There are 2 protein chains.
Amino acid sequence: MDRKQQILDAAERLVRARGFDGFSYGDLEAEIGIRKASIHHHFPSKAELGLALTARYRGQVVGKLGAVAARRTRAADRLAEYLDLYREALAGGEQVCLCVALSAGRDSLNPDTLAELDAFNAASLDWLTATFKLARSDGSIKGVEEPGLEAAAALALVEGAQLIARAAGDVLKFDLATAQLKARIRLV
Amino acid sequence: MDRKQQILDAAERLVRARGFDGFSYGDLEAEIGIRKASIHHHFPSKAELGLALTARYRGQVVGKLGAVAARRTRAADRLAEYLDLYREALAGGEQVCLCVALSAGRDSLNPDTLAELDAFNAASLDWLTATFKLARSDGSIKGVEEPGLEAAAALALVEGAQLIARAAGDVLKFDLATAQLKARIRLV
DNA sequence: GTCTATAGATTGATAGAC
DNA sequence: GTCTATCAATCTATAGAC
């Protein structure tokens, strides 16, 4: 089946490594092993491919975050897993998450895809805000006062940490940038 | 006069709005009003243009940060001006700083340009580290413990805040993401 | 320094056979 | 669904006249 999923997998890798303007149907042809024309059969235009990519990504991440919240009852543990998700998305410094990759090249996206990107950021903020609210009651993260501001700062921090790690091609830069936030997590 | 500077000005605007892969010599032709071939006379290849752009940018920012340090003796005032510089670089949500624009599309850059980007990040980190060291002695920023970690976190925070503001096309997202850091600044 | 003209490659996309 | 063939547009870059 899933030529469509296979194409989306390859496209996602390419976008996250090179940006939306940095990959082509020709690249997909080389990666997947079928002709450009065949790829157009599944995704008639690059804009539709971009939209499908973004929508799928949002669904996946929302699912993962939901699973983390279901599995972890302490805010500190949720935040630690959140940071790990972003760290792993770096693939050692070779990629960034799709959200970071698309945000910079915003002008290349059509309105539908931009709306998906907005929805992704909103979902992330909601999840983080809920996490910091929980932290205020369970006390598992130090010094939380305004959950909404904590969430906005945490989202910017992880996205910026990804960008810096990607620029250097070194995942350790991500660890350095997030060390201070991580240090606020109370063990046990 | 300086065609070269004029070309760099236009190229910088375009890169910051669309990314390095998102602009062409054709765009420059339209913006400046001379032919593509004439632009190649000043910058034979796009790679050389990118390098000149990055080198000039680093020099400008280093100069600005030096001027801030010369003008402001309190760490808090220096940090406030630093945040303002990044906020202004957003141009209302239409652009990001050159560093953010280039980091995402890292694969399109040649080694020289990547080295400039590294040097830019290193200079930013140095300046921020010195600022947080000063804060630890003058007490103008609340709760500073490790200047190096504060610097790494602050750099990631402003870059991520730019990215989020750019994605939404709304400079207020930058303010939201940086509000918590700003709240640590002691007045007077 | 700027121009016209052009090269060769790549881009996203389509037509139509199998 | 995949292919060959092809399109028009755009890309970076060069040659050579003025």
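All values derive from a computational prediction rather than experimental measurement.
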Visitor: Not counting sequence neighbours, list each pair that qualifies as a salt bridge (charged side-chain N to carboxylate O under 4.0 Å, His left out) and has a residue in residues 10-24 of chain A.
Guide: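 Sorted pair list: A:Glu12-A:Arg16, A:Glu12-A:Arg56, A:Arg13-A:Glu31, A:Arg18-A:Asp27.
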Visitor: Could you give the CD-to-P distance, from B:Glu48 to D:dT12, as a whole number of Å?
Guide: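 In whole Å, D:dT12 P and B:Glu48 CD are 14 Å from each other.
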Visitor: Encode nucleotides 2-18 of chain C as B, S and - characters from 5' to 3', where the letter depends on protein heavy atoms closer than 4.0 Å: B to the base, S only to sugar-phosphate, - to neither.
Guide: BBB------SBBBB---
Visitor: Kindly state each residue pair satisfying side-chain hydrogen bond (donor to acceptor under 3.5 Å, both in side chains) with at least one member in residues 154-170 of chain B, sequence neighbours excluded.
Guide: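 Counting only pairs at least two positions apart or across chains, the side-chain hydrogen bond (donor to acceptor under 3.5 Å, both in side chains) contacts touching residues 154-170 of chain B are A:Asp107-B:Arg166.
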Visitor: Please report, to 0.1 Å, the donor-acceptor pairs under 3.5 Å made by any side chain of residues 36-45 of chain B, with sequence neighbours excluded.
Guide:
| from | atom 1 | to | atom 2 | distance (Å) |
| --- | --- | --- | --- | --- |
| B:His40 | ND1 | B:Pro44 | O | 2.8 |
| B:Ser45 | OG | B:Glu48 | N | 3.2 |
| B:Ser45 | OG | B:Glu48 | OE2 | 3.1 |

Visitor: Which atom pairs, donor and acceptor, lie under 3.5 Å between side-chain atoms of residues 115-123 of chain B and protein residues at least two apart or in another chain?
Guide:
| from | atom 1 | to | atom 2 | distance (Å) |
| --- | --- | --- | --- | --- |
| B:Glu116 | OE1 | B:Arg58 | NE | 2.6 |
| B:Glu116 | OE1 | B:Arg58 | NH2 | 3.4 |
| B:Glu116 | OE2 | B:Arg58 | NH2 | 3.2 |

Visitor: Report the residues that fulfil side-chain hydrogen bond (donor to acceptor under 3.5 Å, both in side chains) with B:Ser124, sequence neighbours left out, ordered by chain and then residue number.
Guide: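 So B:Ser124 forms no side-chain hydrogen bond (donor to acceptor under 3.5 Å, both in side chains) with any residue.
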